[in-house]
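Below is one structure, written out as structure tokens, with a few remarks after it.
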Amino acid sequence: MTKYFQIWLASARYSITRTLMFRFDFFLWALVELFWMGVNLLLISVIYEHTDSIAGWSKYEMLLLVGTSLLVQRFLMGFFWSSLFEMGRNIKSGAFDFFLAQPGNILFMASTRKLDLDGLCNSLVAMGVVAYAAHRLNLHPSALDVLFYAVMILCGLIIHYSMLVMTISLAFWITSAQGIEGSYFTLAEFSRLPREAFKGIASVLFVWLLPVVVVSNAPAQILLHGFQPAWVLALVAATLAWFATAIFVFHRGLRRYASASS
Amino acid sequence: MFPSFAKYRQSFLIGLQSNLVYRMNFAVRGFFSLFHLAVVFILWGAAYSHNESIGGFSFGQTLTYFLVMLVMQFFVGAFNEDYQISEEIRSGLINQFILKPINYFSYRFSIFLAARLVTGALILIPLLVAVPLLKDYLTLPTEAWRFLLLAPAMMLSALIQFSIAYCFGMLTFWFLEIQGFVILSMAIESLLGGQMFPLDLLPTWIFNAAKFLPFYYQTYFPTAILTGRIEFAAAIQGFGIQLLWVLLLLAVNQLLWTRGLRRHTAVGG
């Protein structure tokens with residue numbers, strides 16, 4: 001365990017050095033993420049210009065939900081995105097051999113190689129959005145609620161990571177995963193919607209089968225309405241199930257890896 | 001004229017073949033766009049549950065707008081043309097075009113057309129699933145002029161889409177990595193191109209300003225014509241601005257190409 005932590009620290013050091021070398025890139029990407037977050041917040045603000053409530057959620061409650069969803073996504077971007085994005089490319093080109101030859105857990109090595117400081121910086125902005133919304137709603141969560149919120153965010157991060165690993169693993173089957181990673185963003189869109197908006201088959205599919213809605217709604221509920229065991233249990237169970245599935249799919253895919261370009 | 005047409009016909013056919021190779025990717029992407037429609041349906045459905053109309057349009061009209069917008073993106077939108085051009089410059093593959101009597105813009109544009117033919121055809125498959133499910137909501141205006149103006153508006157939109165992607169590709173002459181610029185502009189395009197929400201829901205002054213930007217003409221303009229969000233006089237005026245943007249972007253493309261080539265060091269050549 002400590003060995004892996006040391007490896008991760010070494011990767012983090014390397015990433016920080018790299019960021020300092022390519023400062024322009026860092027600013028550009030930080031701006032890119034900031035813009036995309038702005039686009040999502042603007043969508044909320046435009047809709048609420050024309051209505052007072054979406055599925056019973058007021059403007060600032062919705063802002064808190066979207067901020068939470070963006071926070072999980074920024075962490076994913078910061079900790080794993082670059083490495084997983086390259087994994088798809090490497091599977092196609094055959095450069096994935098490099099990770100197979102390393103004496104360590106393949107998925108760990110392949111998904112922690114690079115940190116993106118821009119994503120991590122923007123996670124502060126997302127936290128700011130959540131804090132601002134909580135302030136406007138006049139919320140005063142206890143320290144325990146905040147702790148539970150943090151744990152829920154961690155679970156959310158693991159679920160998003162698992163979804164992304166599964167999406168990228170498709171590259172093992174269809175070789176060129178170019179653009180496939182974009183489908184992750186499509187699924188992530190659901191996490192910016194309140195659970196109450198889902199009805200009928202959509203509720204079954206996106207709330208119960210895919211965890212995307214729970215990921216953001218469970219932490220947001222804690223801040224809005226305090227600790228709710230049902231939400232927490234649902235999220236923890238979903239986290240375990242999705243992480244296990246992602247590992248299974250990845251290893252199944254690995255068997256098909258042909259080590260060369262198509 | 002005709003011999004040169006034959007050249008680009010060949011590149012179009014090759015483009016068709018190479019894009020057909022990636023049909024699975026496009027199909028998966030098309031399939032995932034159904035999820036995007038589901039998000040739209042749920043979010044706007046919830047917003048409409050307390051309102052009969054938003055911005056003067058019913059839920060059905062808004063849903064139709066998003067569906068048409070999606071189809072439009074697959075028919076005229078640039079997908080990864082910017083990266084392909086960038087890759088050709090960076091790897092030195094572009095050198096062969098400098099030495100041959102072939103216009104790189106026309107060559108690339110013919111491949112872009114082939115790619116849109118493939119993606120346009122592939123989006124029809126998920127549409128076969130979506131349309132029966134949504135048929136009670138979908139509603140289009142019936143005026144004939146909307147259907148007549150649609151094709152020219154789409155063609156000019158495609159030219160604007162491609163020209164913007166081409167400009168970003170050309171940036172590779174100056175910057176090694178263009179991905180940051182591309183994704184930054186994607187955020188602006190998806191906002192001001194009307195992919196996030198119908199632009200007419202914006203405050204009036206922002207909407208009026210957006211009409212003078214090229215992004216408005218990328219996807220929003222043809223979509224608004226077909227879905228009844230724009231009137232005849234405004235559509236004709238829009239055509240004028242759209243045409244101006246096409247000419248301006250073509251000029252910028254040419255400028256970046258000639259300036260860029262001066263900096264080009266023909267790596268890998």
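Nothing here was measured: the structure is a model prediction, and the numbers come from that model. Chain A is the first sequence line, chain B the second, and so forth, proteins listed ahead of strands; every chain is numbered from 1.
- The number of heavy atoms from other shown groups lying within 6.0 Å of CZ (B:Phe207) is above 12.
- Contact count versus chain A (heavy atoms, under 4.5 Å) is highest, among B:Tyr48, B:Phe31, B:Phe79, B:Trp44, for B:Trp44.
- B:Phe181 has its side chain out of reach of A:Val32: every pair of non-hydrogen atoms, C-beta onward, lies at least 4.5 Å apart.
- Of the listed residues B:Ala46, B:Ser33, B:Gly180, B:Ser53, the one with more heavy-atom pairs under 4.5 angstrom with chain A than any other is B:Gly180.
- The structure places CE of B:Met196 at 8.5 Å from CG of A:Leu42, a figure rounded to the nearest 0.5 Å.
- Here the closest non-hydrogen pair linking A:Trp36 and B:Met186 is CZ2-C, 3.7 Å.
- Heavy-atom neighbours of chain B within the stretch residues 47-59 of chain A, taken at a separation under 4.5 angstrom, comprise A:Ile47, A:His50, A:Thr51, A:Ser53, A:Ile54, A:Ala55.
- Here NE2 of B:His36 is found 13.0 Å from CG of A:Leu187. Values are rounded to the nearest 0.5 Å.
- The distance from atom CD of B:Gln195 to atom CG of A:Leu43, rounded to the nearest 0.5 Å, is 12.5 Å.
- Ring planes of B:Phe35 and A:Phe206: perpendicular class, angle over 60° (limits at 30 and 60°).
- Neither the backbone nor the side chain of A:Met37 has a heavy atom closer than 4.5 Å to any heavy atom of chain B.
- In this structure, A:Glu196 CD and B:Ser49 OG are separated by 11.5 Å, a value rounded to the nearest 0.5 Å.
- In terms of non-hydrogen atom pairs under 4.5 Å with chain B, the most contact-rich of A:Phe35, A:Phe190, A:Phe185 is A:Phe190.
- The part of B:Ser190 that comes within reach of chain A is its side chain, from C-beta onward, which places non-hydrogen atoms under 4.5 angstrom from that chain.
- For B:Phe41, the ring-ring contact (aromatic ring centres under 6.0 Å, His included) test picks out B:Phe59, B:Tyr137, with sequence neighbours left out.
- When B:Leu184, B:Leu202, B:Val21 are compared by the number of non-hydrogen pairs under 4.5 Å with chain A, B:Leu184 comes out ahead.
- Residue contact with chain B, scored on non-hydrogen atoms closer than 4.5 Å, involves the side chain of A:Leu193 exclusively.
- In this structure, CZ in A:Phe22 is found 10.0 Å from CD in B:Glu177, a value given to the nearest 0.5 Å.
- In terms of heavy-atom pairs under 4.5 Å with chain A, the best-connected choice from B:Ile54, B:Ile42, B:Leu191 is B:Ile42.
- By the 6.0 Å contact criterion, CD1 on A:Ile201 is open, its count of non-hydrogen atoms from other residues, nucleotides or ligands being 12 or less.
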